[in-house]
Amino acid sequence: MSAELRSNFLRTQIQGDLAAGLSRPVITRFPPEPNGYLHIGHAKSITVNFGLAEQFGGRCHLRFDDTNPEKESQEFIDSIQEDVRWLGYEWHGEVRYASAYFQQLFEWALHLIDEGLAYVCDLSPEEAREYRGTLTEAGRNSPYRDRSTSENMALFLKMREGEFSDGERVLRAKIDMASSNMNLRDPILYRIRHASHHQTGDEWPIYPTYDFAHGQEDAIEGITHSICTLEFEDHRPLYDWFIAHLPVPHRPRQIEFARLNTSYTITSKRKLKRLVDDEVVAGWDDPRMPTIAGLRRRGYPAPAIRHFCEEVGTSRSDGMVDMAMLESAVRDHLNRHAPRAMCVMRPLRLVLADLPESMTLAVSNHPADPQFGERQLRMDRELFIDREDFREEANKHFKRLVLGKRVRLRGGLVIEGERCDKDSDGTIICVYAKCITSVPGADPEDGVKPKGVIHWVSAEHSVPATIRQYDRLFSVADPARADDMTSALNPNSLVVSDDAMIEPALRDAAPEQVFQFEREGYFVADRYDHSAAHPIFNMTIGLRDSWSGSNG
RNA sequence: UGGGGCGUCGCCAAGUGGCAAGGCAGCGGGUUUUGAUCCCGCCAUUCGGAGGUUCGAAUCCUCCCGCCCCAGCCA
């Protein structure tokens, strides 16, 4: 394990296991159920599981926990694999499926029946709930609990043959109906579902539950550390019970950590699905979604997401991480990796009447990294600047273009505002300025430096683009706790503008390429919709801004 | 009110008997052809609370308080 990684209880635990003589390589697994798209919380689990394997020279499996066919689909299986790879990880060997172990699981169920440790129960779901008791009252034994081994065997075989209807019977473990741990009150091992499975088709009319499947899957694969979230802690005694009572080839160990929660987001798959189904967003990969696919389409780089997951740490205490931390990781990565370009969002015509002739400027693509090279930009008599960058008059805090004051056009000349035209409503429609310098990049000869620098594009040589500006989807920090998710939505989470003008070269941006539009923020060429004929950029995130809040 | 967890700065989080790391946020200053970046500085005499053990406690003990999870034939 590299020394620079901060310690956490998982790494400490594994180091301890290794020191205590764990003789096999560390093997972890990322075990999603294919019933939705992966989200930022899964990203955390992925970096934990794949990261641990990597740090300890072990391996990590990708295993679909597909024990509930009615909620699962091939679409999710495909998207999950794509997302894991995009995040930068490759699983060891083939993709695994819990469903590939159905026959083994079935045989282990027979074993438990044989041992008198499992029985077929005919209680209806409602009756079973009654018999289960409550948190403070013990449950009662099912009237079917003492069936003979042969009767249980015969009944379970009939279940497997599809002779009963859905919900008619279940197979339960015989543990302790009075246990203070609800999971030990004769948990269900198999339920009847005449449902076609995306992997096994109609081969099985019965499906194992999570509890009966997960630990055994881990055992089959030789998983050394089965890492899951805190809510499964109460299941660990049951996990261990199966491992102890079944002839499994290996004893995996379950360790729980606190799931990742980030402010202003929701990670319930059920609720995310509702946003998609209700068309509140444009799909699972809408750039406002906390899904991996959404973050990707928003322009969040995979290395930034991985770095964020490492930075927040891994512990056992519930909490909520400030979204600003993820955003910081994104800005940090993009600042170093995104080439600079100019985009004028709210164009205002600027005329340089005394510019002798159009000139071609060589402008750096990155202020701190020469490897990005430079690009040629045309500076003509007529330009566009942002409306926000001009005022007829302003106090000294306004470092942009003002009548009678100087400002530099990024990478070009220093100019001075002279006058402006307005329409009948008083709206400024054109600004006139004179050139103070004649050589690009030079300072004024009189030594009076410009107040600031503004960005611009050539009126003639720029091209229109659609800019999709995103803001957080929810306006409350903890939408998961809102009584009504819909009322917590931010009505301005998406603002589309077709007014923007961009440098012509931006037309040729590759899908998913991210640029910094100087003085604005980071923008990504939309993965699907961007084209040279119709450039479309999604705002990834704005630049940090210490001005607008205090003065603007 | 049964059981299982968790409480260290505004938000995350190291630390496990010997001087309370770090990141994010925030605040001040410097550099700057991006109000960005970068750089410098500030930001917990105290670890949920109260007792106790100890030369010494965030770390060990006792009691108390707060928050989270569990009563799916979901995972």
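A, B, ... follow the sequence lines: proteins, then strands. Residue 1 opens every chain.
Counting only Watson-Crick and G-U wobble pairs whose two key distances fall under 3.5 Å, RNA chain B forms stems of three or more stacked pairs at B:2-7 with B:65-70, B:10-12 with B:22-24, B:26-30 with B:38-42, B:48-52 with B:60-64.
In this entry the distance linking CG of A/N395 with P of B/G35 reads 16 Å, nearest Å.
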Protein-nucleic acid N or O pairs under 3.5 Å, nucleotides 29-32 of chain B:
none

Heteroatom pairs (N/O) under 3.5 angstrom, protein to nucleotides 11-14 of chain B:
| unit_1 | atom_1 | unit_2 | atom_2 | d |
| --- | --- | --- | --- | --- |
| B/C11 | O3' | A/M320 | O | 3.2 |
| B/C11 | O2' | A/M320 | O | 2.8 |
| B/C11 | O2' | A/D322 | N | 3.4 |
| B/C12 | OP1 | A/M320 | N | 3.0 |
| B/C12 | O5' | A/M320 | O | 3.3 |
| B/C12 | O2' | A/V312 | O | 2.8 |
| B/A13 | OP1 | A/S315 | OG | 2.5 |
| B/A13 | OP2 | A/S317 | OG | 3.4 |
| B/A13 | O2' | A/R6 | NH1 | 2.8 |
| B/A14 | OP1 | A/T314 | O | 3.2 |
| B/A14 | O3' | A/S7 | OG | 2.6 |

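For RNA chain B, the residues of residues 328-341 of chain A within the heavy-atom distance limit of 4.0 Å (strictly under) are A/S328, A/N335, A/R340, sorted by number. Of all the residues in residues 117-130 of chain A, A/L123, A/S124, A/P125, A/R129 reach under 4.0 Å from RNA chain B with at least one non-hydrogen atom.
Geometric assessment of A/R147 against the ring of A/Y119 yields a negative cation-pi assignment under the 6.0 Å and 45° thresholds. Relative to the ring axis of A/F164, A/R169 places its NZ or CZ within 45° and under 6.0 Å from the centre.
By the 30° and 60° cut-offs, the orientation of the rings of A/H39 relative to A/H42 is tilted.
In the set B/G35, B/A71, B/U34, B/U34 carries the atom at the smallest distance from any side-chain atom of A/Q516. Considering only side-chain atoms of A/R544, the nucleotide from B/C74, B/G3, B/A36 that sits closest is B/A36. With distances taken from any side-chain atom of A/T12 to the nucleotides B/C68, B/G15, B/G5, the minimum falls on B/G15.
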Problem - Steps toward salt bridge (charged side-chain N to carboxylate O under 4.0 Å, His left out) verdict (A/R132, A/D186) - result: CA-CA 9 Å; A/R132 193 154 34 232; A/D186 288 10; over 6 Å; no
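Qualifying ring-ring contact (aromatic ring centres under 6.0 Å, His included) partners for A/F106, counting only residues two or more places apart in sequence or in other chains: A/F156, A/W204.
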